[in-house]
Structures are given as structure tokens and as C-alpha cells.
Undergrad: 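Sharing a structure here in C-alpha cells format.
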Amino acid sequence: GEPVGPGRGATGTAAAAAPPMVLCEDVHKWFGHAHVLKGISLEVRQGEVVVIMGPSGSGKSTFIRTINALEPIQRGRIVVDGIELGPDLHRIEAVRREVGMVFQQFNLFPHLTALQNVTLGPVWVRKWPRRRAEELALELLARVGLEEHAHKYPAQLSGGQQQRVAIARALAMQPKVMLFDEPTSALDPEMIKEVLDVMRELAASGMTMLVVTHEVGFAREVADRIVFIDQGMLLEEAPPDRFFREPAHERARRFLSQIL
Ligand code: ADP
Ligand code: MG
């Protein structure tokens, strides 16, 4: 059976009945002796946007990286679209094909053009013919507003443009879930909006998203739920209006007083 919690986050009966797209149950992670994730449980339904907030060093990156097995866990379970992560490499690969990830540092290949960066996954992982992969890549570059920059190299693009290429690259794998780890933290202020706008559009298109960000405006507007993590624990989970108006937890209040 599905040992899911009592409809956490679910708003309607139909939604509550559908299996979650991402299920994390009592997730623990140690780096050596450091216990950095202390029993995190979270369910994300299809199409939901969950924003993760919390102080630096609280485990947000580590947690989000466990969802595509970039970090192995030592206790608990993670199930993505019905596939349970474990030591089985086939399942890890299967989950990674369904989960796109965008990092703070864009991690584009510097010697490849935007178009080549975006076609890489479909050609090498999905074994698509190059022509088909390029058609999709051009479509995605247009979607993120970069069709005219398809043949430029990362060094010829601004930070905001590079991050939009990184988003297109992740989307080229046609993921069911997108993970974002502080995607605008390395950007100059004037470039933050162009990246958040692409993420807004993606959310509106129905993508299931987990986003670590301190962008309160984005979180208020786009998130279905805010999850607050502190010292490796999920302390609070609430709709944005409630979280920003009256966080239940003292540590969440203190955190908000620092970023608002
Ligand atoms: P956040 O993203 O919330 O800033 P992190 O997930 O990056 O937090 O880090 C959580 C804790 O785990 C921190 O104490 C950090 O120093 C530690 N940590 C993160 N990555 C590693 C690693 N590869 N090896 C050892 N410790 C790590
Ligand atoms: Mg981090």
C-alpha cells in the first residue's frame, strides 16, 4: 500500500487520490558524522510548485539533490513518478531521465554553442537523430527567448541568458519534474526577472517544480506551498500567503525578518 500522510498539501479529493509525483519519506543523510538531513518527509503532486526556503547550510541543496540521486541517502525512501530510488542503477537512470535540474552555476559546456548544449541530452541519452534533437532544441530556445542566440557560445551570453539555456537544456530531456537550486542567486539584479519569467511560464504550463529560492515575489506568486527547512529538518509547510503573513515557527519568523 501507499503509506502516504493524511493528505498533506492535497486540496481536493481527486488530487489526494492521485499518487504524488515526488514522495520523500523520512529522508536522512549524513556526510561523515554530520547529520545534514534529519528525517524529511514531503509529497509533491503533479503540477505542483513547491518553494523551499531556509537559512544557508540548512540542507536545501542536499535535499533537492537527493531527488535525482545526486546525493545518496542513508535512511528513508524517495519515489519519483512511481519509481523508487535505491542502489539499482537502472532505476537511478530512469529517475534522472524524468527529473531536470538547474543549478546556481549554469554548468554549460563552454566549448559548445547554446544549441549544442541543448541537443546533447536528447542525442546521447535519448538516442534521438540529430535533426530531431535540433528541432526540439530550437523550439525550446525560442521558448526561453533565445532563438537568435542559438549559435553563440556561453562566454558570448549574459548570465541570465546562460541560465535560460540551462533551463532549455533541462527541458530537452522532457522531464516530468524540474528541480531548481537557487537559479537566480548568481545573477545580476537586472537579469533575475528574465529567468524568473521563464520559470513562471513553466509553472503555468503545468510543470511539477521544486525550487530553492529566496525570491519572495516569485514564491508568493507562483508557489502552491512553501517548505521551510532549518538544520536538516522540515519545520513548516504552508501556502505562501500564510507562510509570509504568519509563519508558525519562530525560526521561520527570524529567517523571514532577515530576507524581507
Ligand atoms: P543549503 O543548500 O541549505 O545552504 P547544503 O545542503 O549545501 O545547505 O549543506 C547542508 C550541510 O551539509 C552544510 O553543513 C554543509 O556544509 C554540508 N555539506 C554539503 N555538501 C557537503 C559535502 N559534499 N560534504 C560534506 N558536507 C557537505
Ligand atoms: Mg544551497
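Read the numbers this way: they start at 1 and go in the same order the structure lists the ligands and their atoms.
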Undergrad: Any chance the side chains of K38 and H35 put a donor and an acceptor closer than 3.5 Å?
TA: no
Undergrad: Under 4.0 Å between a Lys/Arg side-chain N and an Asp/Glu carboxylate O for R132 and E135?
TA: no
Undergrad: Taking a cutoff of less than 4.0 Å between a non-hydrogen atom of the residue and any ligand atom, is G232 in contact with ligand 1?
TA: no
Undergrad: Is R143 salt-bridged to E139, cutoff N-O under 4.0 Å?
TA: no
Undergrad: Report the C-alpha separation of R253 and E250 in whole Å, then their side-chain angles, then the decisive distance to 0.1 Å, and conclude whether the salt bridge (Lys or Arg N to Asp or Glu O under 4.0 Å) test is met.
TA: CA-CA 5 Å; R253 246 172 278 154; E250 160 59 23; 3.7 Å; yes
Undergrad: Indicate if I229 and V212 have the same hydrophobic cluster label, given that clusters are the connected sets of ILVMFWY residues with side-chain heavy-atom separations under 4.5 angstrom.
TA: yes
Undergrad: Could you tell me which atoms of ligand 1, counted from 1 in the order shown, lie closer than 4.0 angstrom to a heavy atom of S58?
TA: 1 (P), 3 (O), 8 (O)
Undergrad: Within the structure provided, determine whether I67 and C24 are in side-chain contact (heavy-atom separation under 4.5 Å).
TA: yes
Undergrad: Which residue supplies the protein heavy atom nearest to atom 19 (C) of ligand 1, what is that atom called, and how far is it?
TA: F31 CE1, 3.5 Å
Undergrad: Got a protein heavy atom sitting under 4.0 Å from atom 16 (O) of ligand 1?
TA: no
Undergrad: Which residue supplies the protein heavy atom nearest to atom 5 (P) of ligand 1, what is that atom called, and how far is it?
TA: T62 OG1, 3.6 Å
Undergrad: Is atom 21 (C) of ligand 1 in close reach of the protein, with a heavy atom under 4.0 Å away?
TA: yes
Undergrad: Quick check on H111: does its NE2 atom have over 12 non-hydrogen neighbours (other residues, nucleotides or ligands) under 6.0 Å away?
TA: yes
Undergrad: At what distance, to the nearest 0.5 angstrom, does CE of M101 lie from CG of N68?
TA: 6.0 Å
Undergrad: Using 2.8 Å as a strict upper limit, say whether an N, O or S atom of S61 approaches the Mg ion (ligand 2) that closely.
TA: yes
Undergrad: Provide, to 0.1 Å, the distance between atom 7 (O) of ligand 1 and the closest protein heavy atom, together with that atom's residue and name.
TA: S61 CB, 3.8 Å
Undergrad: Can you check whether E71 has an N/O within less than 3.5 Å of an N/O in ligand 1?
TA: no
Undergrad: Count I, L, V, M, F, W, Y as connected when their side-chain heavy atoms are under 4.5 Å apart, and connections chain through other members. Are V99 and M209 then in the same cluster?
TA: no
Undergrad: For ligand 1, is any non-hydrogen atom under 4.0 Å from V36's backbone (N, CA, C, O), its side chain (CB onward), both, or neither?
TA: side chain
Undergrad: Below 4.0 Å from any atom of ligand 1, is there a heavy atom belonging to G54?
TA: no
Undergrad: Please report which non-hydrogen protein atom sits nearest to atom 3 (O) of ligand 1, along with the residue it belongs to and the distance in Å to one decimal place.
TA: K60 NZ, 2.7 Å
Undergrad: Answer whether the closest heavy-atom distance between the side chains of P247 and F255 falls below 4.5 Å.
TA: no
Undergrad: Can you report which non-hydrogen protein atom sits closest to atom 4 (O) of ligand 1, along with the distance?
TA: G57 N, 2.7 Å
Undergrad: Which bit of A34 is near ligand 1, meaning a heavy atom under 4.0 Å away: side chain, backbone, both or neither?
TA: neither
Undergrad: Evaluating non-hydrogen atoms only, which member of G59, P55, S56, G32 is closest to atom 8 (O) of ligand 1?
TA: G59
